[in-house]
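In what follows, a single structure is set out as structure tokens and then discussed.
Protein chains get the first letters and strands the later ones, always in sequence-line order, with residue 1 at the start of each.
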Number of protein chains: 2
Amino acid sequence: MTTESKSAMTSVASMASTPASGSPLTERQEARRRRILQATTRLASRGGFDAVQMREVAESSGVALGTLYRYFPSKVHLLVATMQDQLGQLHATLCKRPPTDPDPAARVAQTLMRAFRAMQREPHLADAMVRALTFADRSVSAEVDMVSRLTTAIILDAMGLPGPAGPEQLSAVRVIEHTWHSALITWLSGRASIAQVKIDIETVCGLIGPAAGPPAGADTP
Amino acid sequence: MTTESKSAMTSVASMASTPASGSPLTERQEARRRRILQATTRLASRGGFDAVQMREVAESSGVALGTLYRYFPSKVHLLVATMQDQLGQLHATLCKRPPTDPDPAARVAQTLMRAFRAMQREPHLADAMVRALTFADRSVSAEVDMVSRLTTAIILDAMGLPGPAGPEQLSAVRVIEHTWHSALITWLSGRASIAQVKIDIETVCGLIGPAAGPPAGADTP
DNA sequence: ACCCAGTCTGAAACTTGTTCTAGATTAGCG
DNA sequence: CGCTAATCTAGAACAAGTTTCAGACTGGGT
């Protein structure tokens, strides 16, 4: 009951980063929230995780420190919310020009590589978001879970399977997600090259059956 | 040229956590280092990452704060070194009673599940070490890389392949490592069950060819 | 035994995430 | 409009990682 596999390509993107629960926020509040996320993105793009300093975010978005903490109870919450935001945008972009390859595994690999190129364009921002994501403790699990669901949705969209995904496919998707996150980290900390990330992504996408159900056979000549 | 695939089952364990480079440390210094790591392990086992406070580690190991920082330039360095230590012990244990399954993939899965059970015994310690590992920035990449090499060695040992590993197998091992780390994190932050981690590990181990790897021109026994 | 260089100690200072408080502002409501 | 509760602001205060510094200690060479 974790992953909602039903209709993956749904409204998620447009309402991204809407808290869903809680009071519906006035207009000024919505604006404040946006300003905060904007400032965060800007600071993160400059210098990564360390450059996102709560006092600066507050000042830069014209909000008191206490207010910032009312909106986002910690730096990690703030950066994870930023990631939700960015993922939403990415998902929207991907929906417009979905990958074309006939092979589902290749489509997923293409999609992830596109996301990876987006990260390469803003490596510092990627650093801030991904580090926050993996550093998050239990108090952020709801938000991190949301990010995870978004990522799953993106991958399932790329697979573009006709019916609902089977449990094996969901396992494969989870492993792909694991690899995606971890490969990203090794790249961000300079321990793996871009080429290596590409290879890892392509390797793990091999877990997706080339077309239909039968288990792993002989491949990769 | 990143992963040294040559003889995996080698001396690594016994000399674990030896800095290799730098001056050879006097006896008292070696003792200090050990005391520090011990204190770290003890504190981490209690309350995880947050419970490892540098001042406490220093006091608890009978060392001045400045000295602690001379030995380990940051909290993350300290915890990554602790992980090196623990991994070394684990590797030694595993060498004594290696997994028995005839299938390489199953052996790797078994090995990782054994490691996972070790983590379940000390979840707080695991939390501290893994969070440090994934939070580490470039300044720790050398140490993190060492941990990565150790992990790779453990997995290659479990595979127990006759000759040196081919590039495809090394890719598979890297993906397995990614999955291992990331699955661990999702478990530690309460977003995945033990059962789910097991499934993910078994799924990713499917990337290992069921029996042999023919790439380098050998036959398939 | 003496001296030098490097190491260790103890304590204070600095940084940045986080919390708290008192007063100003705003939103909703009769 | 005037009231009340919630929210926002400014700023101090606190916590823990990190740095710095002056002085004590250690080990090795002469």
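- B:E177 and A:S182 share no side-chain donor-acceptor pair at under 3.5 Å.
- At distances below 3.5 Å, at least one donor-acceptor pair connects side-chain atoms of A:H77 with backbone N or O atoms of A:S139.
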Could you tabulate the donor-acceptor pairs under 3.5 Å formed by side-chain atoms of residues 60-70 of chain B, not counting sequence neighbours?
unit_1, atom_1, unit_2, atom_2, d
B:S60, OG, B:R42, NH2, 2.4
B:S61, OG, B:V57, O, 2.6
B:S61, OG, B:A58, O, 3.3

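- The phosphate of C:dC8 (OP1 or OP2) has a side-chain N or O of B:Q29 nearer than 4.0 angstrom.
- We find that CZ of A:R70 is positioned 16 Å from P of C:dT26, with the value rounded to whole Å.
- In this pair, B:F135 and A:F135 present their aromatic rings parallel. The plane angle is below 30°, not in the 30 to 60° band.
- Rounded to whole Å, atom P of C:dT7 lies 15 Å from atom CZ of B:R33.
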Review point. In the 5'-to-3' direction, what one-character label does each nucleotide of nucleotides 14-21 of chain D receive under the scheme B = base within less than 4.0 Å of a protein heavy atom, S = sugar-phosphate only, - = no such atom?
Key: --BBBB--

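- Put simply, the side chain of A:R46 never gets that close to the backbone of A:V52: no donor and acceptor are under 3.5 Å apart.
- Of the N and O atoms on the side chains of A:S189 and A:R191, at least one donor lies less than 3.5 Å from an acceptor on the other residue.
- One atom, CG of A:L78, and another, P of C:dT16, lie 16 Å apart when rounded to the nearest Å.
- The nearest whole Å value for the distance from the CD atom in B:E27 to the P atom in D:dT26 is 16 Å.
- Put simply, CD on B:E59 is 19 Å from P on C:dC8, counting in whole angstrom units.
- Listed by residue number, there are no residues of residues 129-143 of chain B with a heavy-atom contact under 4.0 Å to DNA chain C.
- Contact annotation: A:R28 side-chain N/O to C:dA27 OP1/OP2 distance is under 4.0 Å.
- When heavy atoms are screened at a 4.0 angstrom cut-off, B:Y71 is found touching the sugar-phosphate backbone but no base atom.
- Formation of a donor-acceptor pair under 3.5 Å by the B:R138 side chain with backbone atoms of A:L188 is found in this model.
- Two residues are said to be in side-chain contact when any heavy atoms from C-beta on lie closer than 4.5 Å; A:I155 and A:T111 fail this criterion.
- More than 12 heavy atoms of other residues, nucleotides or ligands sit less than 6.0 Å from atom CD of A:Q120.
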